[in-house]
Q: 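Here it is, the structure in full.
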Amino acid sequence: MNGQVTDTDGNPLADIRVSDGNTVVHTAADGRFQLETDARFVFVVRPVGWRCNQWYFDGRESEVTFTLQASPVTLPLRFAHLTDTHIGDGGNYPQPAELGTGERLSTLLTKIVEDQPDLHSAIITGDLTDHGLREQYREFREAIYDTPIPVHVIPGNHDHMTEQTSDVVSRNGYAIHSGEPRHYEAFLGPRWYSYDLPALHVVAIDWFTHELGRDHEQQNAWLRADLEALDEDIPWILLSHDQPGSSILSGLPRPPIATFSGHRHTSRVVRTADTLHVNTPPALFGGVDLSPA
């Protein structure tokens with residue numbers, strides 16, 4: 001694939017990172033880049049002070065252009081962490097009336113921004129849908145489409161459910177279920193990616209397929225490449241549906257200063273060594289530890 005990164009006036013942007021989820025390259029002085037790839041997606045690592053409405057393309061395209069729009073950043077920067085919205089009918093839960101709907105999620109995001117007018121963005125760390133169905137993805141995508149702030153998402157195990165889901169034991173001995181990522185990719189794009197905030201790098205991964213062993217070696221290789229393309233003095237945080245373990249964190253150039261996760265439907269904040277692990281309860285209904293939505 002050949003490509004270019006420009007601003008909205010067509011001016012080339014140099015030293016912008018672009019990745020296919022395997023390797024990371026930088027644009028040249030003329031804003032151009034080249035990737036030898038057969039990956040599902042190619043995406044731009046959105047830099048500080050810029051946003052990009054179309055931040056990924058089909059990896060099978062021969063020529064693409066990423067157009068970055070200037071987006072000034074006000075400090076201090078604050079973002080909201082939500083998780084486990086479980087958009088769906090609630091068939092697997094004892095309180096189906098409290099499960100997520102697109103309308104409730106849209107209302108919540110609007111209220112958060114009204115209550116926190118200086119909020120920069122929101123992240124939602126997986127289990128966006130309850131059964132990974134196309135209609136649930138459609139409802140979720142519509143709910144976040146018109147939000148006044150950017151919303152960054154990653155998949156959870158429920159987002160990879162299919163009609164043929166079966167019980168399995170993962171490569172690390174985790175009793176869970178099988179999964180297939182095609183619906184997530186069709187509606188929301190890359191399952192792992194990164195972007196920049198002022199003096200902070202944000203990395204998002206697909207914990208579930210990593211745990212199942214579908215693509216853990218690929219994700220690990222990309223994560224190392226992504227961090228190695230970053231200045232050594234810039235700290236980073238990790239977005240992961242479940243709390244990341246050693247199979248994700250071992251062997252990295254340096255540990256994250258924080259991780260953000262869900263999955264457990266609990267409220268828990270734990271520090272290990274130099275990393276703060278933030279595990280947040282569901283956004284739209286109460287947690288199993290009786291924590292509020």
Side-chain angles (χ1 to χ4, degrees), residues 1-21 23-35 41-57 64-82 109-110 112-125 144-154 188-190 192-205 222-223 225-239 253-254 256-260 276 278:
M1 170 188 285
N2 295 306
Q4 187 177 32
V5 181
T6 72
D7 63 16
T8 52
D9 293 326
N11 300 310
L13 297 176
D15 202 29
I16 303 297
R17 285 160 286 156
V18 180
S19 177
D20 62 352
T23 59
V24 180
V25 298
H26 294 252
T27 58
D30 60 358
R32 297 199 64 79
F33 67 90
Q34 186 175 45
L35 276 167
F41 297 105
V42 169
F43 58 88
V44 62
V45 179
R46 288 155 285 181
V48 177
W50 299 88
R51 62 188 306 172
C52 186
N53 290 334
Q54 187 168 355
W55 61 276
Y56 64 87
F57 284 95
V64 300
T65 298
F66 292 102
T67 303
L68 302 188
Q69 178 182 358
S71 180
V73 176
T74 301
L75 298 177
L77 186 145
R78 302 171 68 243
F79 63 86
H81 174 218
L82 294 81
L109 289 169
T110 299
I112 288 173
V113 175
E114 289 174 351
D115 292 344
Q116 309 287 337
D118 61 342
L119 208 61
H120 173 269
S121 57
I123 56 177
I124 308 180
T125 51
I144 67 171
Y145 184 76
D146 287 327
T147 54
I149 57 173
V151 178
H152 305 282
V153 302
I154 57 172
L188 297 171
W192 58 87
Y193 58 91
S194 64
Y195 60 94
D196 291 330
L197 297 176
L200 184 68
H201 185 59
V202 183
V203 178
I205 63 169
W222 168 79
L223 180 51
D226 180 77
L227 295 176
E228 289 169 354
L230 192 67
D231 291 343
E232 293 183 0
D233 58 345
I234 297 180
W236 66 286
I237 62 174
L238 178 66
L239 313 183
R254 59 190 183 278
I257 61 168
T259 72
F260 293 85
L276 185 71
V278 181

Q: Any sub-3.5 Å donor-acceptor pair from Asp226's side-chain atoms to Ala229's backbone N or O?
A: no
Q: Surrounding CZ of Arg254 (heavy atoms of other residues, nucleotides or ligands, distance under 6.0 Å), is the total greater than 12?
A: yes
Q: Rounded at 0.5 Å granularity, tell me how far CD in Glu228 sits from CG in Leu223.
A: 9.5 Å
Q: State, with a plain yes or no, whether a side-chain heavy atom of Val5 is found less than 4.5 Å away from one of Leu68.
A: yes
Q: Looking at Leu239 and Ile123, what are the two nearest heavy atoms and their distance?
A: CD2-CD1, 3.5 Å
Q: Is Leu75 close to Pro198 at the side-chain level, that is, under 4.5 Å between some pair of heavy atoms?
A: yes
Q: What about the rings of Phe66 and Phe57, do their centers lie closer together than 6.0 Å?
A: yes
Q: Just do the side chain to side chain contact (heavy atoms under 4.5 Å, CB included) check on Val24 and Trp222 with the steps written out, would you?
A: CA-CA 8 Å; Val24 180; Trp222 168 79; 4.2 Å; yes
Q: Between Thr27 and Ala14, which heavy-atom pair has the shortest distance, and what is it?
A: OG1-C, 3.2 Å
Q: Check the pair Arg17 / Leu230 against side chain to side chain contact (heavy atoms under 4.5 Å, CB included), numbers first and verdict last.
A: CA-CA 9 Å; Arg17 285 160 286 156; Leu230 192 67; 3.5 Å; yes
Q: How close do Gly31 and Pro12 get, counting heavy atoms only, and between which atoms?
A: N-CB, 3.7 Å
Q: Under a 3.5 Å distance rule, please check whether Asp7 uses its side chain to pair with a backbone N or O of Asp9 as donor and acceptor.
A: yes
Q: Quick one: CD on Gln4 to OG1 on Thr67, what's the gap to the nearest 0.5 Å?
A: 9.0 Å
Q: Quick check: Tyr193 with Trp55 (ring centres under 6.0 Å apart)?
A: yes
Q: What's the separation between atom CZ in Arg32 and atom OG1 in Thr6, rounded to the nearest 0.5 Å?
A: 10.5 Å
Q: Applying side-chain contact (heavy atoms from CB on, under 4.5 Å), can you list everything that pairs with Asp146, at least two apart in sequence or on another chain?
A: none
Q: Flag the pair Val25 / Gln34 as yes when at least one side-chain heavy-atom distance between them is below 4.5 Å, and no otherwise.
A: no
Q: For the residue pair Met1 and Val64, what are the closest heavy atoms and their distance?
A: SD-CG2, 3.7 Å
Q: Under the side chain to side chain contact (heavy atoms under 4.5 Å, CB included) rule, what do Leu13 and Trp50 come out as? Steps first, then yes or no, please.
A: CA-CA 11 Å; Leu13 297 176; Trp50 299 88; 4.3 Å; yes
Q: Write down the atom of Ile149, the atom of His120, and the distance for their closest heavy-atom approach.
A: CB-O, 3.8 Å
Q: In Å, rounded to the nearest 0.5 Å, how long is the span from CG of Asp30 to CG of Asn11?
A: 12.5 Å
Q: Please report the C-alpha distance between Cys52 and Tyr195 in whole Å, then the side-chain angles of each, then the deciding distance to 0.1 Å, and finally whether the side chain to side chain contact (heavy atoms under 4.5 Å, CB included) criterion is met.
A: CA-CA 11 Å; Cys52 186; Tyr195 60 94; over 6 Å; no
Q: Using the test side-chain contact (heavy atoms from CB on, under 4.5 Å), find all partners of Leu276 that sit at least two apart in sequence or belong to another chain.
A: Ala258, Val269, Arg271, Val278
Q: Of all heavy-atom pairs between Pro256 and Ile237, which one has the smallest distance, and what is that distance?
A: CB-CA, 4.3 Å
Q: If I take atom CD1 from residue Ile205 and atom CG from residue Leu238, how far apart are they, to the nearest 0.5 angstrom?
A: 4.5 Å
Q: Parallel under 30°, tilted from 30 to 60°, perpendicular over 60°: which one fits the rings of Tyr56 and Phe41?
A: perpendicular
Q: CG of Leu119 to CZ of Arg78: how many Å apart, nearest 0.5 Å?
A: 6.0 Å
Q: When you look at CG of Asn53, are more than 12 heavy atoms from neighbouring residues, nucleotides or ligands closer to it than 6.0 Å?
A: no
Q: Would you mind reporting whether Asp196 and Ile234 have side-chain heavy atoms less than 4.5 Å apart?
A: no
Q: Applying side-chain contact (heavy atoms from CB on, under 4.5 Å), can you list everything that pairs with Pro235, at least two apart in sequence or on another chain?
A: Leu200, Ile257
Q: For side-chain hydrogen bond (donor to acceptor under 3.5 Å, both in side chains), just list the numbers for His152 and Ser121, CA-CA rounded to whole Å, side-chain angles, deciding distance to a tenth of an Å, and then say yes or no.
A: CA-CA 8 Å; His152 305 282; Ser121 57; 4.5 Å; no
